Amino acid sequence: MVLSTAPVGEYDRRVVILTKEQGKISAFAKGSRRPNSPLVGAVNPFSFGEFTMYEGRTSYTIQSANISNYFAELREDVVGAYYGFYFLEFASYYTKEYNDEREMLKLLYQTLRALINPHIPDLLIRYIFELKALCINGQGPQVFQCVQCGAADRPTVFSAVKGGLVCEECNGDVIDGILLDNSTLYSMQYIESAKIEKLYTFTVSDKVMDELGKVMKRLIDIYVDKHFKSLEILDTLV
């Protein structure tokens, strides 16, 4: 999937693509800014498909592309598009070259599919994406038992600083505890344990949405050391 693109010279583009085989890579799309180029529509953000390229001494060059989904619906939805740009930026931040990024690519694809589904709130899609992305990166919080003693049968609070649930016998030094509604906790457990293809199959109440938002803000503040331009723009739109 194309994560970003930037003009180079008069007719070329530099494209960042998330791949299954090579992780995140940069490639040049020569002549792709010419109106008659076969790559003119293939190297835009959100384009998903198969890219044929060759590796030079310092970079890749795209020869052809077979796009299976352009996610064209996002071009008609400004808010949805900027949510999409945020997800692309987020994925670009977390992925690396020569790394196995199959799960992140799958998450990104399913998330964009959810964005063009009018039955799922964009904000819920964002929280699901963020939490699952943290899990893929090995930073998902413990939401099934106490992170300190392992107890699963005592009342708990959620602590982003501690990395998950802390039971009432271990929470003496917790300074950021949030008492979560059972539905919020269940939603988080489902997001962390479900297959990516099954993630976007539920909606939540306003109370659960609010609690998910508080949890994700605290987790992102801890684990993501980057300010996303698309999120800044999104905040002015919603």
Side-chain angles (χ1 to χ4, degrees), residues 71 73-74 76-91 93-94 103-104 106-137 139-145 147 155-166 171 174-224 226-238:
F71 291 99
E73 296 91 340
L74 295 178
E76 302 169 3
D77 177 6
V78 174
V79 173
Y82 274 99
Y83 270 106
F85 285 129
Y86 170 57
F87 301 145
L88 295 184
E89 272 197 273
F90 200 101
Y93 170 79
Y94 260 114
E103 290 299 290
M104 189 64 81
K106 189 188 301 182
L107 175 62
L108 196 54
Y109 182 78
Q110 294 297 336
T111 301
L112 294 182
R113 286 189 62 192
L115 262 186
I116 59 179
N117 180 346
H119 303 295
I120 307 174
D122 291 343
L123 198 56
L124 178 60
I125 294 171
R126 171 183 169 179
Y127 298 150
I128 293 173
F129 172 83
E130 290 174 339
L131 181 54
K132 196 66 171 182
L134 290 181
C135 292
I136 291 172
N137 202 52
Q139 297 171 322
Q142 170 57 260
V143 292
F144 292 93
Q145 61 188 38
V147 295
T156 59
V157 294
F158 181 87
S159 167
V161 172
K162 295 288 186 179
L165 299 178
V166 185
N171 69 6
V174 171
I175 59 174
D176 67 331
I178 304 174
L179 184 61
L180 296 178
D181 185 90
N182 285 338
S183 295
T184 305
L185 182 57
Y186 175 77
S187 296
M188 294 181 68
Q189 290 172 340
Y190 180 81
I191 293 165
E192 292 204 7
S193 60
K195 292 183 178 180
I196 290 173
E197 295 86 350
K198 301 292 186 181
L199 277 179
Y200 299 103
T201 56
F202 67 98
T203 57
V204 298
S205 67
D206 290 343
K207 179 180 181 181
V208 172
M209 187 82 83
D210 183 61
E211 289 186 359
L212 283 175
K214 291 177 181 177
V215 167
M216 292 317 304
K217 184 181 186 308
R218 295 187 184 186
L219 289 172
I220 295 300
D221 285 345
I222 291 172
Y223 292 114
V224 181
K226 180 177 172 61
H227 186 74
F228 298 104
K229 292 181 181 178
S230 52
L231 197 55
E232 186 176 297
I233 296 172
L234 191 58
D235 287 340
T236 69
L237 298 175
V238 296

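Residue numbers count from 1 along this sequence. Because the structure is a prediction, the values reported are computed rather than measured.
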Q. Heavy atoms, side chains only, cut-off 4.5 Å: are Pro141 and Leu131 in contact?
A. yes
Q: Please report the shortest heavy-atom distance between Leu107 and Thr111, naming the atom on each side.
A: O-OG1, 2.6 Å
Q. Has Asp221 got more than 12 heavy atoms of other residues, nucleotides or ligands less than 6.0 Å from its CG?
A. yes
(Q) Taking atom CG as the centre, does Asp206 end up with more than 12 heavy-atom neighbours from other residues, nucleotides or ligands that are less than 6.0 angstrom away? (A) no
Q) Does Phe144 CZ have over 12 foreign heavy atoms under 6.0 Å away? A) yes
(Q) Quick one, Ile178 with Val157, criterion side-chain contact (heavy atoms from CB on, under 4.5 Å). Give me CA distance, side-chain angles, the key distance, then yes/no. (A) CA-CA 5 Å; Ile178 304 174; Val157 294; over 6 Å; no
Q | Over all atoms of both residues, closest heavy-atom pair of Leu219 and Ala160 | A | CD2-CB, 3.9 Å
Q. Are any of the side-chain heavy atoms of Glu211 and Val215 separated by less than 4.5 Å?
A. no
Q. At what distance, to the nearest 0.5 angstrom, does CD of Glu130 lie from CZ of Phe90?
A. 5.5 Å
Q: Report yes if the side chains of Asn171 and Ser159 come closer than 4.5 Å at any heavy-atom pair, otherwise no.
A: no
**Q.** Distance-minimising heavy-atom pair for Tyr93 and Tyr223
**A.** OH-O, 3.8 Å
Q. Taking side chain as C-beta onward, heavy atoms only, is Val238 less than 4.5 Å from Val79?
A. yes
Q. Does OH belonging to Tyr82 count more than 12 external heavy atoms closer than 6.0 Å?
A. no
Q: Could you pull out the closest heavy-atom pair between Met104 and Tyr94, with the gap in Å?
A: CE-CB, 3.9 Å
Q. Do the rings of Phe87 and Phe129 sit parallel, tilted or perpendicular, given the 30° and 60° boundaries?
A. tilted
Q) Out of curiosity, Leu108 CG to Lys132 NZ, how far, rounded to the nearest 0.5 Å? A) 15.0 Å
Q) Does Ser193 reach the main-chain N or O of Gln189 with its side chain, forming a donor-acceptor pair under 3.5 Å? A) yes
Q.
Side chains of Met188 and Phe158, heavy atoms from C-beta outward: is any pair under 4.5 Å?
A. yes
Q) Distance from Glu232 atom CD to Leu237 atom CG, nearest 0.5 Å? A) 11.5 Å
Q: May I ask you to test the Gln145-Leu165 pair for a side-chain heavy-atom distance under 4.5 Å?
A: no
Q | Interatomic spacing from OG1 in Thr203 to CD1 in Ile125 - rounded to 0.5 Å | A | 11.5 Å
Q | Aromatic centroids of Tyr109 and Phe71 separated by under 6.0 Å | A | yes
(Q) Determine whether a donor-acceptor pair (N or O, by modelled atom type, separation under 3.5 Å) exists between the side chain of Asn117 and the backbone of His119. (A) yes
Q.
Could you check whether Arg126 pairs with Asp122 (Lys NZ or Arg NE/NH1/NH2 to Asp/Glu carboxylate O, under 4.0 Å)?
A. no
**Q.** Leu134 vs Met216, side-chain contact (heavy atoms from CB on, under 4.5 Å): CA-CA, chis, key distance, verdict
**A.** CA-CA 10 Å; Leu134 290 181; Met216 292 317 304; 4.0 Å; yes
(Q) Restricting to non-hydrogen atoms, name the atom on Lys207 and the atom on Asp181 that form the minimum distance, rounded to 0.1 Å. (A) NZ-OD1, 3.4 Å
Q: Using modelled atom types only, decide if a donor and an acceptor are shared between the side chain of Glu89 and the backbone of Ala91 within a distance under 3.5 Å.
A: no
Q: Please step through side-chain contact (heavy atoms from CB on, under 4.5 Å) for the pair Val174 and Asp176, ending with a clear verdict.
A: CA-CA 6 Å; Val174 171; Asp176 67 331; 3.8 Å; yes
Q) Could you state the interatomic distance from CE (Met209) to NZ (Lys214), rounded to the nearest 0.5 Å? A) 14.0 Å
Q) Would you say Tyr83 and Leu234 make side-chain contact, with heavy atoms under 4.5 Å? A) yes
Q. How many angstroms lie between OH in Tyr86 and OG in Ser230, if you round to the nearest 0.5 Å?
A. 7.5 Å
Q.
I want to check something: taking the side chain as every heavy atom from C-beta on, are Val143 and Ile191 in contact at a cut-off of under 4.5 Å?
A. no
**Q.** Verdict with supporting geometry, Tyr190 and Lys198, side-chain contact (heavy atoms from CB on, under 4.5 Å)
**A.** CA-CA 10 Å; Tyr190 180 81; Lys198 301 292 186 181; 3.5 Å; yes
Q) Take atom CZ in Arg113; do more than 12 heavy atoms of anything else shown fall under 6.0 Å from it? A) no
Q.
I need the minimum non-hydrogen distance between Leu112 and Gly84, along with the two atoms involved.
A. CD2-CA, 4.0 Å
